[in-house]
Amino acid sequence: MAEDMEELRTPPVPLVALVGCPEYHGAISLYLHREQPPLNTLALPDFAKLPIIGGKERKPVDARMPPPLGILKADWLTKHRTRMPAVLAVLLDRDQVYGDPTQWLEVCTNLDNIKAVIRGRNIKLVVAIVQPTSQGEVNEERLSALRKRAEVDAKCCILFITHEPSELRRSLARLGSIMGELATTFYREEGRRVKLRVEKKSYSSLELSVRYNFKIAVYAEFRRDWVAALKFYETAYSLLQEVITSTSMELQPVQRVVEMKAVAEQLHFKISNLLLHGGKETEAVRWFREHASWYKQMVGPFEGYFLHWAWISKQFQVFGELLQNRLATVAPPAQNTAMRGQPVVSERELQPAYYYHVSAIYMVKRRRAFQAALVAFEAFEESNAPDVLVGPPEEVGPPVYVGQAPRLLKRGNDNHAQSPTETEYMRHLILLEKNFQHPLIAIALLKKAHELYQLVEATRTAYRLLNDMGCEYFAAKDYVNAMRILNSVIGIYRQEEWVVLLGSTLTYLRECARCLGLAKEFAEYSFELLSLPLSATVSPGYVSGSEVEPFGELEKTQLCQELVEFLRGVRDITSQEGKPGMKLSSAQPINLEINVQSPLRMVLSVCVAFHNQSVRVGKVTRLTLSILTHLPLPVVFDEVEILFDQSSCNFSTQKNNFVEVDQEDLGPCSMLGLELEPLKWKRISIDVAPEETGKLECLELVARWGPHTTIRCQVESMGTREEIPFWKSEPGIDVPPSGDPALASLGQKLIQVEEPEALVDISVEASSPGLVGEAFPVCFTISSAGHSIQSGDLEVYFAPSVNSEATLASMSPPRGPDLAPAELLVRKTGENAESIGDNYEIFAGLVEVPEISIGDSWSTIIYVRWFEPKAVTLMTTFVYRASEAGMPKYQYRLHKSKELDCVEALAIEHHYVAPFRRDSLLLGNLDANTIGGQVPAATLALKESSILVVTLKNQSSISLRLLKIEATEEDRSRCLLQKSGSGPLANDPDGEAGGIIVAPQEIFTQLLWVHPLVLSKSLLVGTISVLWQRTMSSDVMPNISEVPIQHHKDAVDFVSNRVPLAKIMVESPPLVITLDCPPHAVLGKPFTMTTKVQNLTSTLLEVAFSVVDTASFIFSGAHSDTVSILPRGTHFLSYKLVPLFSGIQQLPRVKINSAWYNAAFQPSPVSTQIFVFPSTRFEPNTHSSVDEAFGSLVIS
Amino acid sequence: MSGATWEVAESCVDSLNMELVATYYKRLHPTKPELAARRIEAIGYQVGLQLAERYTRDRPRFSDHLESIKFICKDFWAEVFKKQVDNLKTNHKGVFVLQDNRFRWLTRISVDALPLAGAQNESAVAANAVRASQAAGQYLYFPCGLIRGALTNLGVPCGVSAEVTTLPACAFVVRIKV
Amino acid sequence: MRASLRPSDPAASPAVERVNAELFTLTYGAIVRQLLTDYEEIDEVNKQLDTMGYNIGARLVDDFLAKANITKCTDFRETADVIAKVGFKMFLNVTATVANWSSDNMECSLILDDNPLVDFVELPETCQGLSYCNILCGVLRGALEMVSMRTEVKFVKDMLRGDDAFEIRLKLLEHVPEEYPYKNDE
Amino acid sequence: MIVCVAVVGHNNNPLYLQSFVDDDNTLKFHYIVHCSLDVIEEKVSNSKRAGVNLNETFLGLLYPTEDYKVFGYMSNTKIKFVLVTTDHDLRDADVRNFFRRLHGAYVDAASNPFHVPGKRITSAAFAERVSNVVKTFGFGAAA
């Protein structure tokens, strides 16, 4: 706060004086000070000190008096507050008053002196008689004498009791009230006196009336009569304005101007103080507004401008502070409480921040004015001249009048002479001002204002204050802070598109960067500044000295060239004085990043559009870039690169060709650099060929200037291009890249790269279904259609079956329930072909495919061997590299799958039958039913040859060649097994075209002998193994004939199915019946039928038999009888029969009944039939094969 | 000079609207009706912006969305369609329905655009009604744009769609974007 | 003929409903602008405007004849007068003056010194070639063709391009009394 | 004397700013107008809060700067008009009238089919009309 105003800040307090009885002064003054209203006390230890309060005699004013040398006496107010009491209280000791004449005389002289002192100033007098107690008689006439002497009336002459507390208090109160009362009268009278003069107009100069009104106001304040005080201050104020208007300020000497403003300041300070304390804020504001605007014109002479701005600045600051203090105590007033006629007070004006801000603004004006003044001053003055106004007190005295310069005491004694000359004065002020830190003060003010504005959320204003702060820091050459602060400001100007403001701020920032030698920032700020859409009329500035000067297109282009040269590294930018200039080097390169949101997008914005949504890998696709700059003049980049996520596609104007879309007719050009016109989209097209599948994205454009500068600019899709986030409201800023509308609307910067189409066919052929056990050939054929295959691998495997994750790869493990139903094989190659029976080996899973030139084809065969009749899916993957002109080696990949079905080729069954017409009594058969549950195993007679019938049925859809049927005994010592002599199968399977063909569904039967040698309940007989192969007929596998490495007949391969024979029971029969009779008969020709019954036991067996006769024959012999057969004996029953009918006839059946075994049996009907020829002519003369076979088997 | 006082025959406005629809639906984008619709809506939008600017000058600012919408229903409608909206409904969740039982522009579109005349039997009438409201739909994109433009300019960002119930009645649905 | 003109004074004829021109003016402006964005080159826009006008004119002419109750005017001169005095008055509420007749009476100019279409309009430099009011030419052409006069209509002066007035040059190509021209607003 | 007139869009972006003093440094006017937006916001929100002066478009005196007085006006479409003047005693009616005519000029400029809404106003006719309005400021409701 302005310290010289201190005494004006608080209303003055009446002053009283005490003399006599000093021992009580302390108590009294303390009491008076606590009084309400308080009184200040001036205590005079003894009467000798009296002259202090006396002033010089007042001379009556008259019109002939010359105008005073100043308006307000500098010390007047101080005098009245500290040295000029309104009341004087004399304390007289009772003993003196009532004492002996000498003492009384002394009192009288003292009183006379006092009167002499106070008369001129009509200071009021109070006489207090000090006595310890209230007792003691009063000498009336002495008392009245005292009054007369002191010329005071009774109420001004009081008792002051000191030793009785209650009385003391009462006396103090008495003293206080009377003194207060008298003080008021004193000041009123003083006021009146002065007012009288004013009314009488008994003087000439306006200055005096200013002074008098001021005095009246002050006296009123002493009386706490605020209204009156205000009134007279205001009069004084307006009178002062008259004074000023009566003379033209410009012609006045600076000293005078300064004085008058100082006075005005005091008066106004008083006024606003009173108004504010009176709760009239809006009043105060109005007053201030008037004050400021009125005095603003009162600039005074040029050299004093800075003083003027200093003064104005101070006015605002001081008022702001007053207001703030006021508002700190009371709530801010309701706005617009303006009554009719009075100008409205805006809300801003009720905010202290406003005044601080304006004050700061004037502080800046002050600074600038001073700089100007300084220049002038140093031009004319010899700068080393001394400042006479600083010196020891005996030479330089304080000013007599408010706002005047110090006096040079050595020059005569007259005030006039003592005041310094104008030059001395100015030098003094300028030297003072030199040490004044304008920016710091301004910044302090701005900070204050900024905080307050932030409180009321006046964002923009707050930012503006920051901006001003930054500028002040700049002025103070504190570039770091300037840059920090200004950086925080630009955001809002960008956002709200206040281009001019942004321009100015950027200009400062750019300068800061330059002075700090920050190349990158310098470049960035310069670029943004240059690319601003500034019309020629409103343009940003460049900084000269510490101020921003606007500049036009010309400077703009210059600046731009300068910048580009700098970035090229061919010119360095002069930095702050003293520092070395900025120069680019490999040590400090510049790398500017421009993304979609960056403000530098104005410098360079790139959008791209691929011409296709997708491309096959390796194929060429076209990309169009549109590049735009808002820089004011054409720029040429030394090199432009375009980067992709597939670096192989990266493009550079240095290396690759491109097409300038707007003059395609020129064809592909490969200039080294790239030139951009201002605000004109440059459209170039380039061709790229991605080498990897997936996506291809254009990432960024890198423009280079010289060796050290790169600008990396993020690209965006032309289709989904978002408009430049800045300067939306600027017409013609955001022109979309014109040209091909299709590209413009859906061109993208990212495309899909698809696998190349393989120009190769794979065919998988097989004559499904395959047969279990066989090596089922599947033929793979690869034929190249489009490009020749360099090298490839053919992979073959089973598709994983649904039920098991076990990958059924070519390697087929030993079979289990959930394992591969089949395995893959390949034919063994040459040398080890004959090693083992099977001439296949497990397929390794991969076949190398040789080079295949266009049009050719290649095939291979792979075999499938099933373990069970189960369909499988054969998968194949062909991976290869194609060799194609101008194409990268890319791995192509083909897939193919084939469903293969499978069936069991042969159904092999077998059963046992007893020998022809020879039956054994097998008890096992008899009580077969007694064996519970399972089908009883066939029961054969011990050491009897039974027949084994094996039937093979071809279930497949193709005819098979049966090569061999083999019977292998389990154990020769227990049971013999043997093919019956002349089977249809040649015994050598490898024989030329050996074996027989079994057509589909055909059944083949094979007979064998079984001859058990031991008794057994379950006897393993042996196994039958069948060897077969498919008949290779051309319709089965058409393509195979073409296959080079294939199947000539010598390499016949066959399948062998082994079937274990069912177990049998062997027991020794007690009886064997053999029927003996010719194989056939002739009608009417008699023949003999003999039934042999052998008893194989060692006991005599009684056997009953009976013959059932038939209509077909007549025969002779016993129909029924019972015979006993000796152990090991045989009984013959012979009958002669004559056939009566021809054809198959049932012989009479002999039924044997053995009581011992309680078993009856007879030969099976089949064995007891005979063919009867109608006549001998038909009778074949061959022998019964059965007989032979039988014969050959008989074991005796 | 200012257009405020100038008057032209209403048939100018009508034939301009009709021709606008014809131009975009029949000539410029015969195959892409939605594109034509978008263009026409855009035209309406621009006019709406401008009209809002004109019609609201010298009137106190609206304090909320409802006031703005009321303005559209009353003054704006009166200026453009020579009557007020018959009924305004809202769900208080930013959806407003402006019902006009006799929407002027539908009453005044020429017959060849709306072949309603002389269709006797029910089916024909029904068929006509359908075709009519389809045809009418084409004529409502412009007013939709108008309303959207006006509201947007009054600080009520919204989407506007129209529904033809029975000609010439129709309802405009305003959905305020939040 | 003159007699037939009198009752058609639009002030007198209640048949014509009037509306505030703003909507009309702005709508037209918006259409022109949209067309400019739809088409690359400006001549296309001029053509479109002319076509639109043609259809409108073809549609309006009956209405006009009815309201203005004009017995089909036979010769070109009168027709021109009717258009100028009645037509423009009735629809756009401006009067045109007929001038600059060619010696063979086959050509004349309609001169307007004001025109509601161009209210508020300022042509940007980018569309200098644009004949903003071209729709009027179309209207005249269409209307005249309905009364079996094939004409060629174009602007020769345009205030938007700094001329002192709007001048529409009207040229009669042929007058085919009994032929009904193809009506092409389908 | 009117020293500056500005039109500010509803995004608080300058649509038009013209100074009428020869002093080539228009920068300060940009600052003044930009800051005045704060006051406009305050006034609008205040009048919202305590429904005083029922959303009048005319906002009256915004604030005095060190040298000027700044008046404000906000249309229904959130377009702000700002007037910067040196005069200290202005007739309220004059200022209101001024803004009415300024607004009128803007409305017509915005009605130009080629004017893109929200973009800076480059129309010569508008500038013409504005300077006319400025010239005739204070002479009643002239022209």
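There is no side-chain donor-acceptor pair under 3.5 Å between B:Gln138 and B:Tyr24. Counting only N and O atoms by type, the side chains of C:Gln48 and C:Thr51 include no donor and acceptor under 3.5 Å apart. Between the side chains of B:Glu19 and C:Asn55, at least one donor-acceptor pair of N or O atoms lies under 3.5 Å.
Using a 4.5 Å cut-off between heavy atoms, B:Tyr25 does not touch chain C at all. Heavy-atom distances place both the backbone and the side chain of C:Leu92 under 4.5 Å from chain B. Looking at C:Leu35, both its backbone and its side chain come within 4.5 Å of chain B, counting heavy atoms on both sides. Neither the backbone nor the side chain of B:Ile40 has a heavy atom closer than 4.5 Å to any heavy atom of chain C. Heavy atoms of B:Thr23 lying under 4.5 Å from chain C belong exclusively to its side chain.
In B:Lys82, the NZ atom is crowded: over 12 heavy atoms of neighbouring residues, nucleotides or ligands sit closer than 6.0 Å. Heavy atoms of other residues, nucleotides or ligands lying less than 6.0 angstrom from CZ of C:Phe91 number more than 12. The number of heavy atoms from other shown groups lying within 6.0 Å of CZ (B:Arg27) is above 12.
Taking the six-membered ring for Trp and thresholds of 30 and 60 degrees, B:Phe71 and B:Phe62 have ring planes inclined between 30 and 60 degrees apart.
Residues passing the side-chain contact (heavy atoms from CB on, under 4.5 Å) test with B:Ala78: none are found, sequence neighbours excluded. Applying the side chain to side chain donor-acceptor pair (under 3.5 Å) rule to C:Glu107 yields the partners C:Arg169; only residues at least two apart in sequence or on another chain are considered.
Interface summary for chain B: among C:Val19, C:Leu23, C:Val139, C:Thr27, the most heavy-atom pairs under 4.5 angstrom belong to C:Val19. In terms of non-hydrogen atom pairs under 4.5 Å with chain C, the most contact-rich of B:Leu16, B:Leu20, B:Val13 is B:Leu16. Most heavy-atom pairs under 4.5 Å with chain B: of the set C:Ile31, C:Asp63, C:Thr25, this distinction falls to C:Ile31.
You'll find the ring centres of B:Phe172 and B:Phe103 inside the 6.0 Å limit.
Chain C is approached within less than 4.5 Å, heavy atom to heavy atom, by no residue from residues 145-156 of chain B. Of residues 94-103 of chain C, those residues lying under 4.5 Å from chain B by any heavy-atom pair are C:Val94.
With a 4.5 Å cut-off on side-chain heavy atoms, C:Lys47 and C:Asp50 do not count as touching. Looking only at side-chain heavy atoms (C-beta outward), B:Phe96 and B:Ile176 come within less than 4.5 Å of each other.
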Practice prompt. Would you check, one step at a time, whether the test side-chain contact (heavy atoms from CB on, under 4.5 Å) holds for C:Phe88 with C:Leu110?
Written response: CA-CA 10 Å; C:Phe88 277 102; C:Leu110 300 176; 3.8 Å; yes
